[in-house]
Trainee: 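What follows is a structure written as structure tokens; I'll ask about it next.
Numbering starts at 1 and runs along the sequence shown.
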Amino acid sequence: MTIFCLMLRRDPLLHARVERLMTIPAVGPITALTWVLEVDEVAGFYSVKQAVSYCGLCVAERSSAETIKRMPISKQRNKHLQSVLIEAAKLAPRLSPELALVYGTEKQKGHANRASIAVAGKLVAYLLAVDRSGREFVVAGERRAAA
């Protein structure tokens, strides 16, 4: 871990970006650094949906009349980012009440893996928002109370 810290300190912009992303619940140094290295320019994403798709966290769905069939997650993705985000999403409900709510809501609808994918998608939304704004993560309710 010390080599990791020394290398980050050599690049102050990279270090600041990683530190900022680590203010998000369930985002540690590995997740933050993977995001920074794999998503060089966040301005390239026009929406959260596009970022979620880039990370390979979107699930295709085929529906006909009363039947809905869900397909596997996308194979056209950034596989490094996808695996790191899914692993972070498995821990996230323990670390954040907001992400626990997302997990619980989705798990009631179906499979636990789908719930983890939903949490990973929410993490992408958080990562994108923090990276774009250049400010630390603040829970929405706390932001309103502080203003």
Trainee: Using 0.5 Å steps for rounding, measure from the CG atom of N113 to the NZ atom of K107.
Mentor: 10.0 Å

Trainee: Out of the candidates V130, L99, L95, only one should pair with I24 under the side-chain contact (heavy atoms from CB on, under 4.5 Å) rule; please name it.
Mentor: V130

Trainee: Answer with yes or no whether the hydrophobic clustering places V52 together with L123; edges join I, L, V, M, F, W, Y residues whose side-chain heavy atoms lie under 4.5 Å apart.
Mentor: yes

Trainee: Would you indicate whether the side-chain heavy atoms of Y54 and L81 approach each other to under 4.5 Å?
Mentor: yes

Trainee: Determine which pairs satisfy side chain to side chain donor-acceptor pair (under 3.5 Å) with at least one residue from residues 27-36, sequence neighbours left out, and list them in order.
Mentor: W35-D131

Trainee: Can you check whether A92's main-chain N or O pairs, donor with acceptor, with S96's side chain at less than 3.5 Å?
Mentor: no

Trainee: Please round to the nearest 0.5 Å and tell me the distance separating atom CD1 of I86 and atom SG of C55.
Mentor: 10.0 Å

Trainee: Output yes when a side-chain donor or acceptor of S53 lies under 3.5 Å from a complementary backbone atom of K49, and no otherwise.
Mentor: no

Trainee: Go through the steps for L21 and L33 under the test side chain to side chain contact (heavy atoms under 4.5 Å, CB included), then give the verdict.
Mentor: CA-CA 9 Å; L21 292 172; L33 186 62; over 6 Å; no

Trainee: How many angstroms lie between atom CG of L85 and atom OG of S116, to the nearest 0.5 angstrom?
Mentor: 12.0 Å

Trainee: If you look at every heavy atom in R132 and S47, which pair is closest and at what distance?
Mentor: NH2-N, 4.1 Å

Trainee: Listed by chain and number, what are the salt bridge (charged side-chain N to carboxylate O under 4.0 Å, His left out) partners of K90, not counting sequence neighbours?
Mentor: E87

Trainee: Can you run down the ring pair (Phe, Tyr, Trp, His ring centres under 6.0 Å) pairs that involve residues 107-127, sequence neighbours left out, and say none if there aren't any?
Mentor: Y126-F137

Trainee: Same hydrophobic cluster for L91 and V102, using side-chain heavy-atom links shorter than 4.5 Å among ILVMFWY?
Mentor: no

Trainee: Side-chain contact test, heavy atoms from C-beta onward, threshold under 4.5 Å: evaluate it for L13 versus R17 and give yes or no.
Mentor: no

Trainee: Same hydrophobic cluster for V84 and V124, using side-chain heavy-atom links shorter than 4.5 Å among ILVMFWY?
Mentor: no

Trainee: Rounded to the nearest 0.5 Å, how far apart are CD of Q82 and NZ of K79?
Mentor: 10.5 Å

Trainee: Taking all non-hydrogen atoms of both residues into account, name the closest pair between H80 and E38 and its distance.
Mentor: CD2-OE2, 3.9 Å

Trainee: Hey, quick one: are L101 and Y103 part of the same hydrophobic cluster, counting side-chain heavy atoms closer than 4.5 Å, chains of contacts allowed?
Mentor: no

Trainee: Can you name the nearest heavy-atom pair linking G44 to Q50, along with the distance?
Mentor: O-OE1, 3.7 Å

